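These numbers were taken from a predicted model, which means no experiment stands behind them. Note that the numbering runs from 1 along the sequence shown for the chain.
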Amino acid sequence: MKVAALLATRATRAHRKAWTAVFAALTLTSLLLGAFGLTLVSAWSAHPRVERYAGADLVVAGDQTTRFSAASLGERETVSAGLTERVRIPRTALTVVRGVPGVRAAVADVEFPVGLAGSAATGSATGSATGRPWEAARLAPYALRTGRAPQRADEVVVAGGGGPERGGADRVGQRLTLRVGGHDMAYTVVGVADGPRTAVWFTGAEARRLSGHPEALDAIGVVAESGTGAGELAGRVRKALDTAGVTDVGHRADGDPATVRVLTGDDRGEAEFLAAAPARGELLAALGSVAGAVVLVSLLVVSSTIVQALRQRSHELGLLRAVGATPGQLRAAVGREVGRVAAWAALVGAAGAAPAYLGLRTLLDARGALPTGLDLTLLPPLWLTPLVTAAVTVLVAQVAALIGGARTATARPAEALRERAPGRGRGITGLVLLGVGASAAGTAALQRGATAAAAAGAAAVTMVIACAVLGPWIAEGAMRLLGAPLRLFGPGGRLAAANCAASAHRLGAAITPIVLVTAFAGVQLSGGATLTHAGDAQARQVLRADLAVHADGGLPAGAVERIRKVPGVRAATEIVPGTVLLARSQLGAPELERLPVFGVTPEGLTRTLDPGPRSGDLTRLRPGTVAVGADRADSLGVRPGSTVTLRFGDGQEARLRVVATYQRSIALGDFLLSRDDLLRHTSLPTASGAGRVLVATAPDADRKAVTNALARAVPGARVEPDPAPVRGEAAEQALAEVVSVAVVGAVGGFTVIAVLSTLALIATGRRPELRLLRLAGAGRGQLRRMLRLEAAATVVTGLVVGAAVASVPLLAFSMATTGTVPYLPPAQAAVIVSVVVATAAAGSLPPVWGSLRGRYPR
């Protein structure tokens with residue numbers, strides 16, 4: 001052990017420059033792992049914020065989770081997914097809860113959208129708000145600032161702090177015109193209370209009427225009697241509800257129980273912010289995938305850097321082996337040497353993990369990737385996560401050191417000074433990994449959505465690792481192709497060709513990180529860009545309408561019919577966005593896939609929208625029917641006349657008859673539903689015109705005159721002269737975009753360090769070679785040209801191989817999801833190439849400038 005410690009100490013001092021590159025790579029590894037680790041544990045401990053139920057001891061609400069079970073590998077497996085539409089409970093639950101001992105008050109709560117229209121005289125829409133019964137204000141609690149509670153159906157209380165956008169709504173006695181469910185009604189402000197600026201409170205009876213579902217409640221807030229604990233009361237309420245047989249409203253699928261929930265503590269926020277719990281699950285899944293990719297890339301990068309640092313000293317280690325050092329002493333010395341560098345680097349990286357985590361949090365918030373109400377929290381013990389990831393970094397470094405010094409440590413003393421060619425086992429391993437990557441790409445070609453994206457990512461990582469293993473052979477093959485062009489550049493070119501051909505092993509190590517950054521960045525950026533590009537193109541093709549009409553609080557009843565009667569209007573279609581869940585077995589495992597959809601009115605549909613009909617008749621779309629995207633229809637094996645079972649956003653299941661299939665499903669989603677069917681399963685009142693009406697004008701119509709006529713036909717509505725393209729976007733798209741940017745940034749920085757450090761190590765180790773060439777008569781200009789050409793050959797080979805590696809999974813993914821070739825924005829492609837070129841130049845040339853200065857070599 002003393003010998004190993006002595007060797008490690010002396011080697012660390014003698015090779016500080018070589019270990020500087022390793023230190024940088026390990027520091028970044030520790031920082032990235034720590035930052036993503038903090039984000040992961042904060043998502044794990046996240047919970048919806050408790051606001052309007054903060055004054056309630058417990059909340060009774062519907063079960064916002066749907067479940068699906070299937071047999072997988074002989075065992076029953078169950079998956080679940082959060083529901084983003086309100087799951088309501090029957091009004092009878094209120095009576096049951098009020099009868100439970102220990103309940104001081106049980107308050108019914110409903111929520112519905114309200115359009116603010118200023119004064120009754122103007123009737124001009126000014127924004128949107130949320131309506132609730134006044135009794136529910138005590139659950140926050142929100143207290144009156146001035147005035148009194150509403151007592152009549154035409155009286156309301158508004159939140160304080162009103163401004164111009166609310167038409168001075170904070171003045172008691174003012175008359176307001178509010179639009180609910182498409183109907184305009186005049187109300188008198190009788191009170192001003194605390195609370196969010198967009199809140200409007202009605203009497204309990206009026207709120208029930210306006211909600212559109214008078215026999216169902218959104219939630220029940222429960223206040224306990226003094227001396228009764230929340231946990232004890234929750235047990236009593238749970239027992240009472242079970243005894244009474246109270247279940248959620250609506251038909252659930254078999255195996256998906258509709259159990260009313262009793263929420264306490266932080267869980268109370270789940271009844272308020274419906275999108276928070278599903279987003280938490282999506283965030284955990286995305287970050288878990290990212291963490292796995294970062295660990296794999298860090299292992300590859302750190303291993304490559306450490307192996308290269310040790311390879312530069314192979315003759316030194318071989319000499320120690322030749323003079324009698326045992327394999328154990330060499331392994332121990334290298335392990336101690338790497339361990340010292342890794343320990344300090346891991347601690348420095350851990351110190352920067354918290355700021356990096358806060359930066360990622362800021363990015364998530366700025367891009368709106370997290371829904372309103374989801375709080376990412378970190379308990380004090382969880383802030384120690386970077387120390388755990390620092391330990392993982394040290395472990396990765398030790399494993400890499402063991403791999404890097406294995407060949408020299410186990411070589412015979414007489415052979416230790418001779419560099420051996422890569423063995424057959426390495427080649428076989430690389431070819432096997434290439435086969436595995438190709439198989440993963442084949443899986444991507446057969447799947448859709450997240451499964452296809454995950455398979456494409458796995459294929460890219462596997463093939464990059466295969467290229468790292470096959471680096472010497474790839475470099476040798478590249479040099480056979482590039483050797484002739486290099487020799488055209490005179491003596492410097494001939495020197496470059498000779499050096500590259502003689503040092504394929506060294507060139508392979510330099511190519512690997514370039515392949516990594518090119519392939520990984522290409523897959524991450526091009527995957528999302530391909531979908532977005534194809535979706536935008538389809539959205540432009542889908543839209544045929546010339547105008548769009550919509551209003552806060554919904555369009556009035558009969559608005560679509562009135563719009564169709566306006567002179568110059570050829571067709572009008574109301575379109576409402578929503579989501580459904582498709583339950584199916586994927587590769588033998590149960591899966592619940594959340595999909596964006598639209599609900600439409602079928603009359604005149606093909607004149608305002610062009611879904612690209614393939615079979616059937618889209619005009620036959622009625623409640624109980626569905627149109628299916630062509631790709632989805634093929635994967636489900638359905639056609640017109642078949643049935644499809646879907647779960648709506650509130651968890652209710654329905655069997656729908658297929659009436660048509662269509663081609664442009666990237667823009668419109670995989671399913672087109674009846675507008676009435678979809679609205680019945682949203683959190684909005686069923687009579688509300690929640691979407692917008694697309695209007696196609698006659699070819700000879702005066703569009704400006706039609707616009708004015710539409711505004712008169714539907715008072716309070718807004719008419720868009722250039723409607724936005726119709727595009728259904730998944731709820732987690734913003735999150736996926738932010739995570740993708742974070743991954744590309746992290747891995748890009750990672751591999752830039754790897755390229756820079758690997759090339760710097762190679763260049764530093766070539767100083768004796770350059771001095772010898774100068775002594776043999778090579779001029780400084782010739783050597784500079786040689787180095788530039790070698791760097792250019794390395795960059796070209798790395799970019800070409802990286803692009804080839806990325807193209808295999810990307811082509812499979814894009815053909816499976818969009819039917820097009822992969823797309824990468826030119827600006828992003830230029831950034832990748834520029835970063836690689838600049839990094840390769842910085843790593844190859846500056847470290848050897850000292851050897852090229854002066855008349856005599858130094």
- dist L83:CG -> D63:CG (nearest 0.5 Å) comes out at 7.5 Å
- Item | Derivation of the side chain to side chain contact (heavy atoms under 4.5 Å, CB included) call for L582 and L636 | CA-CA 11 Å; L582 178 64; L636 295 176; 4.2 Å; yes
- So among V644, T661, L595, V638, which one has a side-chain contact (heavy atoms from CB on, under 4.5 Å) with R632? L595
- Note on the structure: dist L543:CG -> R664:CZ (nearest 0.5 Å) comes out at 11.5 Å
- Query: Between the main-chain N or O of V695 and the side-chain N or O of R570, is there a donor-acceptor pair closer than 3.5 Å?
  - Reply: no
- Message: Whether the side chain of R622 engages the backbone of T619 through a donor-acceptor N/O pair (distance < 3.5 Å, no angle test) should be reported.
- Response: yes
- Side-chain ion pair, R680 and D650, N-O less than 4.0 Å: no
- Item | Pairwise distance CG(D248) to CZ(R88) - rounded to 0.5 angstrom | 11.5 Å
- Item | Short side-chain to backbone donor-acceptor contact, R544 and T606, under 3.5 Å | yes
- K704 bridged to D702 by N-O distance under 4.0 Å: no
- Query: Of Q652, R647, E653, which is the lone residue that meets side chain to side chain donor-acceptor pair (under 3.5 Å) with T66?
  - Reply: R647
- In plain terms, say whether E270 and R261 are close enough for a salt bridge, that is, a side-chain N and a carboxylate O under 4.0 Å apart. yes
- N/O donor-acceptor pair under 3.5 Å between E85 side chain and G651 backbone: no
- Query: Does the T601 side chain pair with the main chain of E574, one donor and one acceptor, at a distance under 3.5 Å?
  - Reply: yes
- Message: Between Y187 (side chain only) and F202 (backbone N and O only), is there a donor and an acceptor less than 3.5 Å apart?
- Response: no
- Query: Looking at E272 and R49, does any basic side-chain N land under 4.0 Å from a carboxylate oxygen?
  - Reply: no
- Under 3.5 Å: donor-acceptor pair, side chain of T530, backbone of Y823: yes
- Message: Between the side chains of R86 and E111, is the shortest nitrogen-to-carboxylate-oxygen separation below 4.0 Å, so that they form an ion pair?
- Response: yes
